[in-house]
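Step one of this worksheet: look at the structure below.
The basis for the numbers below is simple: all heavy atoms, side chains too, and nothing from hydrogens, waters or symmetry mates.
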Amino acid sequence: MHVDPFVLFLAAIFTSNILLTNFLGMCSYLSVSNQISSAFGLGMSVIFVTTITAVICWLAYYQILVPFHLEYLQLIVFIIIIAAFVQLTEIMLERFAPVLYYTLGIFLPLITVNCAIFGVVLFMLIRKYSLVQSFAFGLGGGIGWALAILLLAGLRSRLKEKMIPVGLRGAGISLIMTGIMALAFMGFSGIVNVQ
Amino acid sequence: MNMSKTFYQSAIVENAQWKQILGICSTLAVTNLMLNSLVMGLSLTFALALSSFTISLIRDYTPRNVRMMAQTLIIAAYVIVADIFLKEYYPDISKSLGPYVGLIITNCILMGRAEAFAAKNPPFASMIDGLGAGFGYTLVLLLIAFVRELFGFGTLFGFKILGDWWIKWSIMVMAPSAFFILACLIWLVNTKYYKIKAS
Amino acid sequence: MDNEKIPIQERKLYPFFFMVFLTAIFVAILGLLFHSSEQKIKDQEVLAYQTQMVNIFADTLSTVIHVNKEELLSPTKVAQAFSTYYKKSTKPLTYYTVEANGMLLGYCFDISGSGLWGTMNGFVGMTPDLNRIVNFTIYQQQETPGLGARVSESWFKKQFHDKILRLNGKVLTYSLVPEEATPATQEIKQITGATITSSSVSKMLFNEMNRIIPLIESQHVNAKSAGLK
């Protein structure tokens, strides 16, 4: 299409942040943002998984599904690719970064159902990106998500919980903070001319 | 097993959005119009009820280490069925929902109910649990969409309610409003229904 | 043998066969479902495409052929209307000439441009002199629902009805005015909060029509000079 991959990369991080603009990847975002270290670890894992699966799914779709007229299987194929790749990531982390592996615990396999990754793949198909564009979009999307979760983790670590009404503690205040962040990120729109 | 109790439990007491904080992604994305919310809720309920039923049916034969993969596969299959149905009979709505119907596959609610209930309970009860969770989810969607569509467009389900004198609140159409409205809903429910008090 | 004491789930290859079997069943079901609905979905897309195109000239057509506009656009009649009144040409580009009862009503073009999030496709109907827009509609876009996606709303489309596109031989670039304002000849109303999408529409019209109109005109000049008209 017409959009420069680098522009897409920047857009995916700032002007169309996969979490703050498209609302994808909220579940693990809200749960893991209570500690900066685990937020960082999860963010890095998501960047890794998103970028590589974007490329693999692009290849699977255009090189296998389309030539054989199997497009209707795309959702199943993608989710299996993502699941398999997350499994691979899990094994690698267990071997090379065991502390992170144990901190993340259940949230590592839950990356499989992280809407952000699935969403990146679906958007890249709908907008008919090329392979390079998909790579840029996947990388940007992952970084955008990681950025958002780090921001929230940082904010939450400085929060004086006692000042917040009881009913709002935890999820409620996280949602409000995210909403304000989403408003702030809107200020980025226009700096990148996605034309 | 008391069916209505199961239904009430998963719909209200253990509501996905306000209690378990699951399924937030789609709640924020499709709630700018009530019609889209309704279609999304019904599609999710369909997929959830049937996948819970199926997962429960084969729960004694499912090996532990591929449990999540099998669940994902079954959920994906039913969501695709719903997607094909929408494309065939309601193509306009299918277009306006875009990729969000496909994203039901990664909606934490389905995996959550599968793990929490369907993996350990009989099929029919699992289906009721699924129906309940779906109902609760749709309810929250409609509540948020009610506020967003009314103040953002002046309409409800496309029917004009507020006249031309109403200045539309653009923020209601955009991303952040959904965050705030959901937060307020959670606050309200936590205070009035669960009666959480400072310890 | 030890094997008999181990329950079936724990045996080594069982998970693999289980997944293969499960996948096969569901893929088969989906395949059946898909193939049974495939044709219908394709037909619907064609029908939607044709309906949108006929819609562009529906008002003029209904006056010329004395058929009620609603009847013309009904699913049963629209395909026939399309094949009767819309003649496709492929040189120098793909476009449709709309003729009824011996009268040339105008031309219909399928144009595309970059939106904020992906390609936007639209139909623009032009008067025979290629100066005014008869009607304009975006039939495919991936813009933000509730914001950029509002390009498909009727108020946005209506402002292009009978709008001057070419003045003194030059295609206009429309500038944006707020949604509440009344646009002048060189202006179009934008969607509040969706400036980029709105200016993409303006750019698309300018770029495409600036490219297309000279091609059409040179073809007619060639046809005339070759004595075909």
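- Not counting sequence neighbours, A:Cys57 has no partner by the disulfide bond (SG atoms under 2.5 Å apart) test.
- Atom OG1 of B:Thr106 sits about 7.5 Å away from atom CG of A:Leu24, to the nearest 0.5 Å.
- Using a 4.5 Å heavy-atom cut-off against chain A, the contacting residues of residues 178-187 of chain B are B:Phe179, B:Phe180, B:Leu182, B:Ala183, B:Ile186, B:Trp187.
- If you take OH on A:Tyr29 and CD1 on B:Ile24, they are separated by 12.0 Å, rounding to the nearest 0.5 Å.
- Cysteines B:Cys25 and A:Cys27 are not disulfide-linked, with SG atoms at least 2.5 angstrom from each other.
- Both the backbone and the side chain of A:Leu168 come within less than 4.5 Å of a heavy atom in chain B.
- The residue among B:Asn107, B:Ile80, B:Ile75, B:Leu22 with the most heavy atom pairs within less than 4.5 Å of chain A is B:Ile80.
- Counting non-hydrogen atoms of other residues, nucleotides and ligands closer than 6.0 Å to OH of A:Tyr102 gives a total of 12 or fewer.
- Considering all non-hydrogen atoms of both residues, A:Ile76 and B:Ala76 come closest at CG1-CB, 3.9 Å.
- More than 12 heavy-atom neighbours from other residues, nucleotides or ligands sit within 6.0 angstrom of CZ on B:Phe157.
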Quick one: do A:Val166 and B:Thr191 satisfy side chain to side chain contact (heavy atoms under 4.5 Å, CB included)? Show the steps, please. CA-CA 8 Å; A:Val166 184; B:Thr191 332; over 6 Å; no

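- Atom CZ of A:Phe118 sits about 11.0 Å away from atom CD1 of B:Ile104, to the nearest 0.5 Å.
- Contact of A:Ile79 with chain B is made through the side chain alone, with heavy-atom distances under 4.5 Å.
- One finds the CD1 atom of B:Ile105 at 13.0 Å from the OG1 atom of A:Thr112 (value rounded to the nearest 0.5 Å).
- Contacts between A:Ile82 and chain B at a heavy-atom distance below 4.5 Å are absent for every atom of the residue.
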